[in-house]
Amino acid sequence: MNTLRFRHPAVDFLIVLLRARLARARSGEADRGVSAVEWVIISAVVVAIVGVVAFIINNALRSGATKVGDCIKGASANKTC
């Protein structure tokens, strides 16, 4: 195998890393790809759930803040919200 050497160790590391990944991909470990796809799908579902929950919480906080702001604007010494 011909070896490339650069003056920067990070570039050498990157080349070695990429060659190792290429060798692993060529070795026929196809089942590892299936596992990776499953993890991507699971992660996407979790991210979607977190996004929906964040949207709901954001709307609730915004609504509450509006109510408090309206209460403060209309506050007087003789009435409560």
Side-chain angles (χ1 to χ4, degrees):
M1 181 185 311
N2 90 29
T3 344
L4 291 174
R5 294 287 304 170
F6 291 92
R7 292 179 186 236
H8 199 281
V11 176
D12 288 336
F13 175 76
L14 181 62
I15 290 171
V16 170
L17 180 71
L18 290 175
R19 283 186 178 157
R21 287 186 180 233
L22 183 61
R24 192 174 357 154
R26 288 181 178 168
S27 72
E29 294 181 26
D31 58 338
R32 291 185 60 153
V34 173
S35 178
V37 170
E38 291 171 353
W39 277 108
V40 167
I41 292 171
I42 291 169
S43 299
V45 169
V46 169
V47 167
I49 291 171
V50 168
V52 168
V53 170
F55 178 77
I56 292 170
I57 290 173
N58 187 26
N59 283 342
L61 289 174
R62 195 171 290 181
S63 173
T66 302
K67 288 179 186 176
V68 169
D70 292 344
C71 180
I72 291 172
K73 285 180 188 175
S76 65
N78 60 358
K79 73 175 189 178
T80 61
C81 292

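Since the structure is predicted, the reported quantities are computational estimates derived from the model, not experimental observations.
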ILVMFWY cluster membership beyond Leu18 - transitive side-chain contacts under 4.5 angstrom | Leu14
Side chain to side chain contact (heavy atoms under 4.5 Å, CB included) with Arg19: which of Ile15, Leu17, Val16?
-> Ile15
Acceptor/donor pairs from residues 40-68 side chains to any protein atom, 3.5 angstrom cut, sequence neighbours excluded:
from, atom 1, to, atom 2, distance (Å)
Ser43, OG, Trp39, O, 2.8
Thr66, OG1, Arg62, O, 2.9

